[in-house]
Structures are given as C-alpha cells and as structure tokens.
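Below: one structure, written as structure tokens.
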Amino acid sequence: MHRSGTSMIAQVLNQCGLYLGPPERLLKADATNPLGHFEHRGFLEIDRKLLKFFQATWHEPPELKPGWHLDSKLESLRAEARALAATFTENSPWGWKEPRASLFLPFWKEAIPQMRFVVCIRNPLAVARSLEKRNNIPVSKGAMLWYHYMRASLEDTEGSPRLFTFFDDFFYGGSMEIERLLRFCGLPMPGDRSQLQSAISSELRHHTSAIQSLLEAPAVTPECKLFYLGLCAILSEHPSRVEGRDDRGGDDAVSVSAFVKLFQDGNESDAVSDRAAPSAELQSRSGDHRAATKLKRLLQSLKRF
C-alpha cells in the first residue's frame with residue numbers, strides 16, 4: 001500500500017546492491033518523499049496504463065474479474081512489461097517497487113515469472129493519516145484503500161516466495177529487520193552500516209498510530225482493524241520474527257493464507273467482489289454483527305496456528 005514504507009525499504013535494498021534501474025529513470029525526490037521514491041518510471045507508466053484501461057485510478061481501484069489478466073487486449077502491455085524487464089537482466093540482482101502493482105499482480109506475474117515479493121505492512125490508521133495530509137483523502141477512505149491493497153497483495157502473492165515486514169520494525173530493532181530483509185533478497189550487509197541510517201530516519205516517520213489509537217478510530221471499519229490485528233498476531237508470535245532466524249516464509253505463509261481465507265467468506269466470487277468495490281465495502285463491512293462473527297472465527301483460527 002502507498003505510504004507503507006516502500007520507498008524506505010527500496011532505498012535500503014538499493015544501498016545494499018539491489019539494482020533498481022539507471023538513476024535518471026527513477027522518480028525524483030519531492031516534499032512527500034525527500035529521500036527519493038526509488039521507483040522506476042517504466043513500471044509506473046505501465047501501471048498507469050493498466051489503470052486507464054480499466055477506467056480507474058490508484059485511489060479508485062478497478063473492478064477485476066477472475067482471469068482479467070489474460071485478456072488479449074492487454075497483450076501489448078504485457079509485451080511492454082517483458083521488454084522493460086529485459087533491460088534489467090544484465091544487472092543482478094535487480095528489483096522494482098511500485099505500489100500500484102499491488103492491484104495488478106496477476107498481470108505482472110504473467111509478464112515476469114519467478115518473482116519474489118517483499119510485502120510491506122503498516123498500521124492502516126498511520127497510512128490513512130498520511131494520505132489525508134498528502135492527498136486530502138478522508139481517513140475512512142484511506143483505511144479502506146489500505147485494506148483493498150493489502151488483500152490484493154496477500155492473495156495474489158500466495159504460492160510465491162514472499163517476506164512480510166512491518167514498517168515499525170525498522171524503527172525498533174531495525175538492524176535485525178534489515179538483516180532479515182537482506183537475507184531474503186540475497187544481499188550482503190554492508191561493512192559500514194551507517195549509510196543505512198539515512199534511509200531509516202525517525203524524523204521522516206511523520207505519522208505513528210499505536211494499536212490503541214487504531215482501535216478507537218471511528219473512521220476505520222472493524223473489518224480493516226481485524227485484518228491488521230490478525231496479521232500482527234500471526235506474524236509477531238513466530239520465533240523467526242523475534243530472533244530473525246529465517247525469512248518469515250514457511251509456516252508464516254501458511255498461516256497468513258489461512259487467515260486471509262477468513263475474509264473471503266468461503267468463496268472466491270465474494271473475495272473478488274470485496275476487492276472490486278472499496279466504496280461499497282466502506283458501507284457494507286462496517287456492521288458490528290459481521291465483524292463480531294469474523295472476530296470469533298479469527299480467534300479460533302489463531303489458536304490453531
């Protein structure tokens with residue numbers, strides 16, 4: 001999701017040897033990202049074309065039906081994506097960051113097979129407040145956008161190598177989180193770690209939202225709160241998270257997959273419809289009864305993990 005620390009994490013990876021493309025092709029720094037976006041214009045342009053194709057925007061996500069990415073009308077864009085990826089192959093390891101791609105992962109997985117994913121997770125209230133300041137988007141809508149993007153990110157990376165990382169972890173015990181991130185990406189820890197401190201600056205952490213603040217925020221739906229709290233519960237209990245022993249794959253991936261299924265209401269068509277219309281979700285998913293039912297299911301499932 002936008003404003004979830006993706007630029008910070010991309011900068012850390014870039015400083016440790018991950019090739020993101022020639023500097024002149026990366027978005028320039030601005031007031032909202034003073035250290036830079038570390039985002040390749042080529043991937044951004046393709047995602048913008050996908051949004052235009054579906055008559056959508058990043059803050060008004062498109063309605064996507066199963067198999068949408070196989071549409072023959074997208075073949076020229078698919079060829080463009082493959083050609084773009086081919087320009088990176090002489091530089092290894094390489095990667096890219098573009099939040100809009102969270103909406104179109106089936107397309108990107110078709111165009112660039114065997115990708116590994118770093119899934120950045122941040123408190124939805126902090127994300128929503130940041131969007132309110134930057135884009136004048138109401139907190140209620142910002143939180144639902146977070147939910148929409150996170151659902152898409154988790155559902156569409158299932159079965160692929162992926163690492164889950166929490167934004168706040170880089171500010172508390174950041175060295176351990178950086179080591180875990182680099183290990184997953186196959187990158188070495190630099191001898192001089194001071195260069196990484198510029199990327200992880202508490203001065204740039206403008207919006208912090210504790211769990212209590214999230215729970216008390218009336219603009220954030222119970223469904224959104226439960227989704228974030230469930231991820232925190234699953235991903236904070238494993239020894240790998242505490243001790244940094246592995247890349248939070250394996251058991252974590254299985255647990256997250258089982259958890260996400262709780263929000264699919266038992267069938268794929270409902271999950272598609274949930275993700276396709278965040279504005280409708282904002283109205284329909286705020287019912288206390290429905291949230292309470294899912295909370296019970298969540299707690300029962302967490303006991304099994």
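Treat the numbers as computed from the prediction; the structure is a model and nothing was measured. Along the sequence shown, residues are numbered consecutively beginning with 1.
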Item to complete: Begin with the C-alpha distance, continue with both residues' side-chain angles, and end with the deciding distance and a verdict on side chain to side chain contact (heavy atoms under 4.5 Å, CB included) for L154 and L231.
Response: CA-CA 11 Å; L154 295 175; L231 290 174; 3.9 Å; yes
How far apart are the closest heavy atoms of [X] and [Y], and which atoms are they?
{"X": "C185", "Y": "V118", "value": "SG-CG2, 4.1 Å"}
{"X": "S7", "Y": "F38", "value": "O-CD1, 3.9 Å"}
{"X": "R162", "Y": "S257", "value": "NH2-OG, 3.3 Å"}
{"X": "M189", "Y": "I178", "value": "CE-CG2, 3.7 Å"}
{"X": "R100", "Y": "L44", "value": "NH1-CD1, 3.3 Å"}
{"X": "I112", "Y": "A85", "value": "CD1-CB, 3.8 Å"}

Worksheet item: Yes or no on side chain to side chain contact (heavy atoms under 4.5 Å, CB included) for L20 and L13, after CA distance, side-chain angles and deciding distance?
Response: CA-CA 9 Å; L20 299 178; L13 293 174; 6.0 Å; no
How long is the straight-line distance from [atom2] of [Y] back to [atom1] of [X], given to the nearest 0.5 Å?
{"X": "F167", "Y": "N123", "atom1": "CZ", "atom2": "CG", "answer": "10.5 Å"}
{"X": "R3", "Y": "C120", "atom1": "CZ", "atom2": "SG", "answer": "13.0 Å"}
{"X": "W146", "Y": "R122", "atom1": "CH2", "atom2": "CZ", "answer": "12.5 Å"}
{"X": "L64", "Y": "D71", "atom1": "CG", "atom2": "CG", "answer": "11.0 Å"}
{"X": "T87", "Y": "R25", "atom1": "OG1", "atom2": "CZ", "answer": "8.5 Å"}
{"X": "T165", "Y": "R180", "atom1": "OG1", "atom2": "CZ", "answer": "5.5 Å"}

Discussion item. Salt bridge or not between K261 and E155? Use side-chain N to carboxylate O under 4.0 Å.
Written reply: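 Salt bridge flag = no for E155 with K261.
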Practice prompt. In plain terms, say whether R129 and E132 are close enough for a salt bridge, that is, a side-chain N and a carboxylate O under 4.0 Å apart.
Written response: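 No.
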Worksheet item: Are D30 and H37 linked by a side-chain donor-acceptor pair shorter than 3.5 Å?
Response: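 Yes, H37 and D30 have a side-chain donor paired with an acceptor closer than 3.5 Å.
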Worksheet entry | Side-chain donor-acceptor pair present, T32, R134, cut-off under 3.5 Å |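 No, no side-chain donor-acceptor contact under 3.5 Å.
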Around atom [atom1] of [X], are there more than 12 heavy atoms of other residues, nucleotides or ligands at under 6.0 Å?
{"X": "E216", "atom1": "CD", "result": "yes"}
{"X": "E75", "atom1": "CD", "result": "yes"}
{"X": "E90", "atom1": "CD", "result": "no"}

Fill in: Residue from D169, L235, V127 passing side-chain contact (heavy atoms from CB on, under 4.5 Å) with I121
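When D169, L235, V127 are each tested with I121, the side-chain contact (heavy atoms from CB on, under 4.5 Å) holds only for L235.
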Worksheet entry | Residue of the set R41, E45, H40, E39 for which side-chain contact (heavy atoms from CB on, under 4.5 Å) holds with F43 |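 Running side-chain contact (heavy atoms from CB on, under 4.5 Å) over R41, E45, H40, E39 with F43 returns exactly one hit, H40.
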For [Y] together with [X], are the ring centres under 6.0 Å from each other?
{"X": "F170", "Y": "F166", "value": "no"}
{"X": "W94", "Y": "F88", "value": "yes"}
{"X": "Y228", "Y": "Y147", "value": "no"}

Worksheet entry | side chain to side chain contact (heavy atoms under 4.5 Å, CB included) evaluation trace for F107 with I46 | CA-CA 11 Å; F107 168 90; I46 292 174; 4.0 Å; yes
Practice prompt. With R151 as the cation and F263 as the aromatic partner, state whether NZ or CZ is under 6.0 Å from the six-membered ring centre and within 45° of the axis.
Written response: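 Relative to the ring axis of F263, which defines the angle, R151 lies outside at least one limit.
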Discussion item. Run H2 and Y149 through side chain to side chain contact (heavy atoms under 4.5 Å, CB included) and show every step you take.
Written reply: CA-CA 9 Å; H2 302 259; Y149 273 72; 3.4 Å; yes
